[in-house]
Amino acid sequence: MGFDEEWGRLRSEAAERMASMPSPKVVSQPQSVDPVAVARAAVLDRLADFRAGVVLVPLDERGGLWTAELGGLDWICAFSGEETLARFAEARGEAEREWEYRRVVGARLLDEVIPALDFPCGVALDAAGPDGIVFPPVRGIVPDAAALDGQVVA
């Protein structure tokens, strides 16, 4: 099973679990709350936490950072802890093998590692969990020179 299928299956399973949970009491929100602004703020909070934190990045067979393709783009797979890395290994059916990894500050991945690559790449954080998130190579996440939307056409 490829990364695309695994990611889709795991996200689908998480959505099914959420759908089967009892609905919380709905409290009406004031009309002035913009759901897009709320979502944007939540993503920016996650990005700030990622940039400030240390993540685990598995190493590939050559000792480089492990990447996977998803949606036609390469992604560095990063994990917030050994538990989330173990969940990913289990989802891949590779829980028994030893997973070598590096500890990397999130900001360094986005600001130094991704711009140094010769191909577009984002970061997939906690890919095998319900709280996974991707940080695509776009302006505001990576330096403009490494962003897919960073080149301005005249």
Side-chain angles (χ1 to χ4, degrees), residues 1-15 17-18 29 32-95 97-154:
M1 180 182 292
F3 183 79
D4 291 342
E5 292 88 12
E6 287 177 34
W7 181 270
R9 181 183 58 80
L10 291 169
R11 297 304 263 176
S12 176
E13 288 173 4
R17 282 194 306 272
M18 293 300 291
Q29 295 182 358
S32 63
V33 174
D34 178 7
V36 173
V38 171
R40 181 175 287 126
V43 169
L44 291 175
D45 285 346
R46 290 281 310 267
L47 177 60
D49 289 345
F50 174 76
R51 291 181 70 76
V54 174
V55 294
L56 310 180
V57 180
L59 302 178
D60 65 16
E61 63 278 351
R62 298 176 315 244
L65 301 181
W66 197 71
T67 62
E69 184 181 331
L70 175 66
L73 190 63
D74 286 273
W75 300 87
I76 295 171
C77 294
F79 300 91
S80 57
E82 290 181 352
E83 301 82 22
T84 55
L85 175 55
R87 185 172 39 230
F88 181 75
E90 187 173 318
R92 292 182 53 81
E94 300 181 49
R97 82 169 179 90
E98 183 176 329
W99 285 73
E100 292 186 51
Y101 60 84
R102 288 191 187 235
R103 295 179 189 276
V104 183
V105 175
R108 184 163 189 215
L109 276 177
L110 298 174
D111 297 340
E112 297 175 28
V113 174
I114 288 176
L117 298 174
D118 59 357
F119 55 92
C121 190
V123 175
L125 178 64
D126 295 338
D131 295 329
I133 188 170
V134 293
F135 299 111
V138 296
R139 288 183 292 165
I141 295 179
V142 299
D144 288 355
L148 292 177
D149 62 344
Q151 295 179 348
V152 178
V153 178

How far apart are the closest heavy atoms of [X] and [Y], and which atoms are they?
{"X": "Tyr101", "Y": "Glu82", "result": "OH-OE2, 2.5 Å"}
{"X": "Pro58", "Y": "Cys77", "result": "CD-O, 3.2 Å"}
{"X": "Gly129", "Y": "Arg87", "result": "CA-NE, 3.8 Å"}
{"X": "Glu90", "Y": "Ala95", "result": "CA-CB, 4.0 Å"}

- Query: Trp75 side chain to Leu70 main-chain N or O, any donor-acceptor pair under 3.5 Å?
  - Reply: yes
- Side-chain donor/acceptor of Asp149 to backbone N/O of Val138, under 3.5 Å: no
- Determine, for Glu94 against Arg97, whether the closest basic-nitrogen to carboxylate-oxygen distance falls under 4.0 angstrom. yes
Would you mind reporting whether [Y] and [X] have side-chain heavy atoms less than 4.5 Å apart?
{"X": "Val33", "Y": "Val38", "value": "yes"}
{"X": "Leu59", "Y": "Arg102", "value": "yes"}
{"X": "Pro137", "Y": "Leu73", "value": "yes"}
{"X": "Ile141", "Y": "Leu110", "value": "yes"}

- Between Val57 and the options Val113, Leu109, Leu85, Thr67, the side chain to side chain contact (heavy atoms under 4.5 Å, CB included) test singles out Leu109
- Pick one: which of Ile114, Val123, Leu148 meets side chain to side chain contact (heavy atoms under 4.5 Å, CB included) with Val142? Ile114
Hey, can you pull the donor-acceptor pairs under 3.5 Å for the side chains in residues 41-50, sequence neighbours left out?
residue : atom : partner : partner atom : Å
Arg46   : NH1  : Asp131  : O            : 3.3
Arg46   : NH2  : Asp131  : O            : 2.9

- Message: By the salt bridge (charged side-chain N to carboxylate O under 4.0 Å, His left out) test, which pairs, at least two apart or in different chains, include something from residues 103-121?
- Response: Arg51-Asp111, Arg108-Glu112
- Residues which pass side-chain hydrogen bond (donor to acceptor under 3.5 Å, both in side chains) with Glu100, listed by chain and number, not counting sequence neighbours: none
- Task: Check whether the ring centres of Phe79 and Trp99 lie less than 6.0 Å apart, and answer yes or no.
- Result: no
- Task: Could you walk me through whether Val55 and Leu125 pass the side-chain contact (heavy atoms from CB on, under 4.5 Å) test, one step at a time?
- Result: CA-CA 9 Å; Val55 294; Leu125 178 64; 4.0 Å; yes
